[in-house]
Colleague: 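Here it is, the structure, as structure tokens.
Count residues from 1 along the sequence. Note that the structure is a prediction, hence the values are computed from the model and not measured.
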Amino acid sequence: MFEHDEVNAAAQHLPAGPAPEVPAPARSSLRAVPRAPRDAAERDGAVRELQSRISAMQRTRIDDRAALPTAAAIAPALPGGALRAGSVYSLPEPGAAGTLSLGLAMLAEASRAGLWCGAVGLPDLAPEAAAALGIDLRRLVLVPRPGEQWLRVTAAVADALDLVLVHPGGAAASSSAAADAALGRLAARLRERGASLVALGAWPGSEAVLRVAGARWSGLGTGHGLLQRRELRVETASRGGRMQRATIVLPGAGATASTATLDDLGADVAAAAREPAALPTAGVEHRTAAVS
């Protein structure tokens with residue numbers, strides 16, 4: 001401890017004049033630190049507010065992203081009428097009739113336009129079937145059996161290609177901190193590169209969920225004819241809760257697509273998605289699009 005005389009002696013050596021001004025950064029560091037939340041409810045509220053601010057800063061509207069080449073028959077089933085760069089689309093019922101055809105058809109126009117596409121985790125996919133739906137096999141990369149490292153393989157493929165169809169085999173639906181983090185990193189990488197993913201299975205945080213509610217073939221007569229066209233009834237739920245229904249016909253020249261868009265259904269949206277017959281038809285807009 002300093003004695004009184006020692007303090008006076010030290011003060012004599014201080015420079016005369018006004019006290020030095022504290023630099024601006026130092027002043028800002030002296031500001032009061034926000035009070036810590038007092039209880040669990042207040043902490044939860046603070047966390048939600050922080051998450052909301054982060055989401056507001058990071059959110060990019062799907063309609064603001066660049067559109068990928070999209071077949072006219074598929075467009076009515078997609079939010080904004082096109083596949084968007086950096087997005088993930090989920091077809092959560094891969095075993096349903098017509099789901100694989102829909103997934104392949106989503107790649108077709110991009111492939112014809114010169115973009116590179118890939119298919120991961122589809123060992124039974126026949127290249128002839130992909131070609132019949134309009135995919136250019138010269139620009140299609142197949143990884144039939146990625147194994148347990150399917151996510152790492154998918155990330156590597158998506159890092160080099162523009163549009164990837166992947167069948168995770170239900171692995172994406174399993175919820176864990178590690179799985180969610182890995183999927184989040186892949187989604188961030190897709191946005192950074194502008195690549196897109198079509199998942200044959202559930203995929204957390206996908207931009208749109210497409211379900212095939214019905215499928216039928218046409219072209220067969222009584223004991224004669226060929227399977228010429230396939231009609232799919234597709235229901236789409238976008239990330240924002242908007243519902244769409246579309247009937248598309250694949251493949252075949254002159255195919256038509258129609259869609260019904262349902263807005264402002266509120267809490268009935270989820271139930272309507274599970275029960276197509278319950279969807280209202282009054283005042284619904286209908287559109288048709290021809291496929292060349």
Colleague: Any chance you could lay out the side chain to side chain contact (heavy atoms under 4.5 Å, CB included) test for L100 and L122, step after step, and finish with the verdict?
Modeller: CA-CA 10 Å; L100 179 57; L122 296 168; 4.3 Å; yes
Colleague: What are the two closest non-hydrogen atoms of H167 and L200, and how far apart are they?
Modeller: CD2-O, 3.0 Å
Colleague: What about V209 and V88, same hydrophobic cluster or not, with Ile/Leu/Val/Met/Phe/Trp/Tyr joined at side-chain heavy-atom distances under 4.5 Å?
Modeller: no
Colleague: Which atoms form the tightest heavy-atom contact between M106 and I74, and what is the distance?
Modeller: CG-CG2, 4.1 Å
Colleague: Any idea which heavy atoms bring A77 and L210 closest together, and the distance?
Modeller: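 Heavy atoms of A77 and L210 come nearest at O-CD2, 3.9 Å.
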Colleague: Kindly indicate whether the side chain of L163, heavy atoms from C-beta on, has any atom under 4.5 Å from the side chain of L115.
Modeller: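 No, side chains not in contact.
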Colleague: With a 4.0 Å cut-off on N to O distance, would you call E231 and R216 a salt bridge?
Modeller: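 Counted as a salt bridge, because a side-chain N and a carboxylate O are separated by less than 4.0 Å.
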Colleague: Measure the shortest side-chain to side-chain distance between L104 and L165 over non-hydrogen atoms and say whether it is less than 4.5 angstrom.
Modeller: yes
Colleague: Measuring from atom CG of L190 to atom CG of D162, what distance do you get when rounded to the nearest 0.5 angstrom?
Modeller: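 Rounded to the nearest 0.5 Å, the CG-CG separation comes to 11.5 Å.
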Colleague: Any side-chain heavy atom of L183 within less than 4.5 Å of one from P204?
Modeller: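 Side chain of L183 against side chain of P204, heavy atoms only: contact under 4.5 Å found.
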Colleague: If we only count heavy atoms from C-beta on, is the P76 to Q244 side-chain gap below 4.5 Å?
Modeller: no
Colleague: Is there a donor-acceptor pair under 3.5 Å between the side chain of S90 and the backbone N or O of G201?
Modeller: yes
Colleague: From S87 OG over to R191 CZ, what is the distance, rounded to the nearest 0.5 angstrom?
Modeller: 9.0 Å
Colleague: Return the CG to CG distance between L161 and L197, rounded to the nearest 0.5 Å.
Modeller: 11.0 Å
Colleague: Judged by atom type as modelled, is there a donor-acceptor pair below 3.5 Å linking the side chain of R193 to the main-chain atoms of A158?
Modeller: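 Yes; at least one donor-acceptor contact below 3.5 Å.
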Colleague: Of all the heavy-atom pairs spanning L137 and A130, show the shortest one and how long it is.
Modeller: CD2-CB, 4.2 Å
Colleague: Donor-acceptor pair, distance only, cut-off 3.5 Å: does the side chain of Y89 make one with the backbone of R84?
Modeller: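 Such a contact is found between Y89 side chain and R84 backbone.
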Colleague: Please determine if R245 and E235 form a salt bridge, counting it only when a charged side-chain N lies under 4.0 Å from a carboxylate O.
Modeller: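 No, this pair does not count.
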Colleague: Shortest non-hydrogen contact from A75 to G81?
Modeller: CB-O, 3.2 Å
Colleague: Looking at CD1 of I135 and CZ of R112, how far apart are the two atoms once the value is rounded to the nearest 0.5 Å?
Modeller: 9.0 Å
Colleague: What pair of heavy atoms forms the shortest contact from R230 to A215, and how long is it?
Modeller: NE-CB, 4.3 Å
Colleague: Once rounded to the nearest 0.5 Å, what's the spacing between atom SG of C117 and atom CZ of R139?
Modeller: 9.5 Å
Colleague: Any side-chain heavy atom of T154 sitting closer than 4.5 Å to one from P146?
Modeller: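 A side-chain contact is absent here, since even the closest heavy-atom pair is not under 4.5 Å.
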Colleague: Please tell me if the side chains of L68 and S196 come closer than 4.5 Å, counting only heavy atoms from C-beta onward.
Modeller: yes
Colleague: Do the non-hydrogen side-chain atoms of V166 and V157 ever get within less than 4.5 Å of each other?
Modeller: no
Colleague: Distance check, rounded to the nearest 0.5 Å: E192 atom CD versus D159 atom CG?
Modeller: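 One gets 8.5 Å once the value is rounded to the nearest 0.5 Å.
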